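All values reported here derive from a predicted model rather than from experimental measurement. So that the names make sense, note that chain A is the first sequence line, chain B the second, and so on, each numbered from 1.
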Amino acid sequence: MNNVNFLVKIKTIVFLLLSISAYVFFIQKSHAQEANLEEAIAIFGHAKKSSSQQDNAQKPLSTPSPSSSELSKEVQKLKSQVLQLNRELFILEEDLLFPASTQIAIFVSVDVGRFFKLDSVEVKINEQDIAGFLYTQRQRVALEQGGIQKLYLGNLKLGSHQLTAIFIGLDNEGRSIKIATNHTFEKEDDSLMIELKLVDNTLNYRTQLMVEEWVL
Amino acid sequence: MNIESKREGVIKTNLHEKYYQQALYYYFQGDYFTALNIIKVSKLRLGRLDQTSQLFEAGLQVNIGLQEQAKQTLLSFTSRYKESKDQLTNKQLVNEPIIKNEPTSIQHKENANELLLLALLSLAEQFLAQGEVVQAQQTLAEVSHVTQRLYQQYHVLSQLAYWPEQPNLLPLFLHEDLEDNEGNKSVDSNLSEVVHESPYIQLNKALRLIEEGKFTPAINLLTIIKNRHWQAPDQTFWQLLFATDKELSLEKQTEAQLQNQAINDYARLLLAQLFAQQQAYEKVFVELKTFPQQSPYTEPSLFLFAFSAQKSKQHTIALSLLTLLHEQYPYSHLGWQAGLLMAKQVTEQKGLAQGWQVYQNIETFFLERIEKLDHFETSYSASTNLLGFSIPLIPSNKAFRNLGVTPLNDSFKLKAVPYTPESIWLKQAMYDAPLNSLYQQLSALTVFEQYNHTLQRKSDWIGETIKLNTQRKSRIAASQSVKDQQDVYEKLIEKRESLSSVLSTALSEPQQRGFAFANNEEQVLLSRLERSKEYLAYVVEHSNDSEQINIVDYQQRLKRLSAVLTWQIKQQYPQRAWQHKQQLVSLDQNLKELETLQKKISLLMTKASTGQIGHSLSQLTKRQIKADKKISPLAKQFSQLKSKVSLSIRMKVAQFINEQRNVLAQHLLNTRTAMADVLEQMSLNDKKIKNQLNPDVQTIKEHRL
């Protein structure tokens, strides 16, 4: 529980730092007054119970943190506004460049990836290369953990088309293998979303490539 | 399940889940901004978010430092969840049947309950982080049951929210279907297991015992904690999501080991402090003897160790440790303090002369520190760019400059990098959490400000593209109207009709009209034959009898040639007739498609001109203008807010400098006082020695007086 760890870490560290600062303060005081360190420790021991500073140290998160300040709220608000603006422009751009009547999007997903270590993918529509991707380890892990990658977003005219997808990767024994498929589809007036799914088949310990057209 | 509904035989894809998974793809790569963007886009596209996506949204907001928005999202999530829960309860009260695949099965209900619990805990954590303790307490009070997995988090948050009071903790919740007695036993055993297995609960317990002055049980507990190997609990996806200090590291094992070590070290240090309070210095010495060098708590443990060594009459070790501390931590208070103690010990152990020498070194050290602090103050005050004080530009800024802006560029990402200064003084100052937070805010503001410039360029690009598209559409419209005027389509229809009639004629009289399907070569030959026939007819009319024999011969040859050609054409007739029929069918199809297309274009042109289409260019233009208008005010706000944050930072740094100067001045004063004492002692010693060497002189003086 990292978040809990984090809170406790803050609590303990702040407690410790304030204990130390109190400790140092008394040591310093004792030195100036030529008191010995033993007294300083003793004073620290008593001071720990009486000092209001120490009480605050015991509940570091109950005191207002900078994030609760007005300044912090203003910063958050501004950041939020920029993100909203970015979103608006993103949608505007998508609507402008890829209107629904011609839009085609191709997605890639992996379920679960035990028998196939994905390395790269190539996608063609009507024999023409439209997308290719080389995966890093992090990207592959992101797919294996349930993510879906939007591989391609483009435009296509109405009618019948053929999609070819070739996945390259390694099998369980580290041999390079290719998994490919051909899929014929009809582009109509609505957006077309095609998902290329690499699915583990536990019956033959191989990965199957399935094509799913999303029904909007 | 991907399928959410089944209507009229059409199974619709669950787009909420698909968007969520797309966001996950970026989340697992640490790109929280893009992930959040996808979730927000899905909200706009689909009209709402499902519960999972909403909780995910809150987690992402926490990750990118939007605590306030996360709080709102979590509040909305909990209220929505309660509504749906109430609806469910009412449904069950009136004994409505629960549909098998409806998401109200026991399993789903348990998951949803845990999600709600997690949301409440996360919300409480947000309140605590923002110092809103009462609201955190209220949120925790809404928790009705706690599962084993989240009990540790609940326990610690409750302690923090109610500190120094003892919170009323809920018992552990198991399954609803367990029998009462059996359930109680399990609850007790599981609760004790959770409490026993959690290092943080144990540490908090020890802290509470120290607070209450119960040192013996505290010592016993800390001894257990420091000796035990703590197994980091498995974390669920949601717990990781809301964790603010996570690293999506692949080396989780190393991280777990480090955490385990830190817990042990902290327990050991607390134990040593308790022993020191009880003046059991031998125990402190033994406790810290094997303290690891690489630990977050090395510095205070070193100091305590030196002190206990001194008390345990281990003077050589104490001196070495103080020297080490002074040299290794030249900018820390403990390091400075260690310097003074070191000089004092040298004076006591090795004599005044050596002590004087060390005090002189320490004095020089403090003077240098003060001088460096002054230099830092001057250069910091002179710097106009606070982030550039140590580093000219943060790495992410450079990346933004080279970014393309369109189309939907994947590299068009926003990522704030935590600011780390190079100046040692600034590093020291940034141990102060509020100052650190202000610096991070300034860094984030700078990144967002530059991103805002990028958005401006993007907006300009979109505006330009819309303009070009508008021009293109105008050209198409003009061309369309010209085509309409020229009746191109009608002419094509006419042409088709004439071709159709030719074909019909050819098909109706196959024997005579097979020539209609002759190819180019055959057409040439047929033309030549016709011409030859005409020539011969002319020659027959204008020739005499003697020439008739040759003419008959020509006519026969011509007839033979004609017969051969006719035979060839007739041979090809069925095949050619079929081909032409197919071509006519195909032509009809093309004309039909053309007609549909023409109608569609006309419709689109009409709609576009009247603004009926949702994404017509005129509407896109309006949206672009609306977005564009927001950019400039944002730029102004960034500038103003950066000034405010910079001012706060400068004030905090100035305060830090003053504090450091005061501490250094105090240390310098102490050093000089100690030096004066040493001098005085040396002088007294000298006098004593002198008196011992010349007792007669002293006696004479006394006599004179």
Sorted by chain and residue number, the side-chain hydrogen bond (donor to acceptor under 3.5 Å, both in side chains) partners of A:Tyr135 (sequence neighbours excluded) come out as A:Gln149

Across all chains, not counting sequence neighbours, the side-chain hydrogen bond (donor to acceptor under 3.5 Å, both in side chains) partners of A:Asn126 are A:His161

Checklist entry - Are any side-chain N or O atoms of B:Gln159 and backbone N or O atoms of B:His155, one a donor and one an acceptor, separated by less than 3.5 Å? => result no

In this structure, CG of A:Asp111 is separated from CG of A:Leu198 (nearest 0.5 Å) by 9.5 Å

Counting heavy-atom pairs under 4.5 angstrom with chain B, the leader among A:Gln139, A:Met193, A:Lys77, A:Glu213 is A:Gln139

Is it true that a side-chain atom of B:Thr465 and a backbone atom of B:Trp461 form a donor plus acceptor pair closer than 3.5 Å?
-> yes

Assert top hit (heavy-atom pairs under 4.5 Å, partner chain A, pool B:Ile631, B:Ile38, B:Leu36, B:Asn452) equals B:Ile631

Whatever's closer than 4.5 Å to a heavy atom in chain A on B:Leu44 counts as side chain

Using a 4.5 Å cut-off on heavy atoms from C-beta on, say whether the side chain of A:Phe185 contacts that of A:Leu192.
yes

If one checks every heavy atom of B:Leu445 against chain A at 4.5 Å, the contacting part turns out to be side chain

If one checks every heavy atom of B:Asn469 against chain A at 4.5 Å, the contacting part turns out to be side chain

Answer key: most heavy-atom pairs under 4.5 Å with chain A among B:Leu24, B:Asn37, B:Asn436, B:Asp628 is B:Asn37

Applying a strict 4.5 Å limit to non-hydrogen atoms, the region of A:Leu158 in contact with chain B is side chain

So, the part of B:Ile64 with a heavy atom under 4.5 Å from chain A: the answer is both

| query | Under 4.0 Å between a Lys/Arg side-chain N and an Asp/Glu carboxylate O for A:Lys150 and A:Glu94? | reply | yes

Applying a strict 4.5 Å limit to non-hydrogen atoms, the region of B:Phe237 in contact with chain A is neither

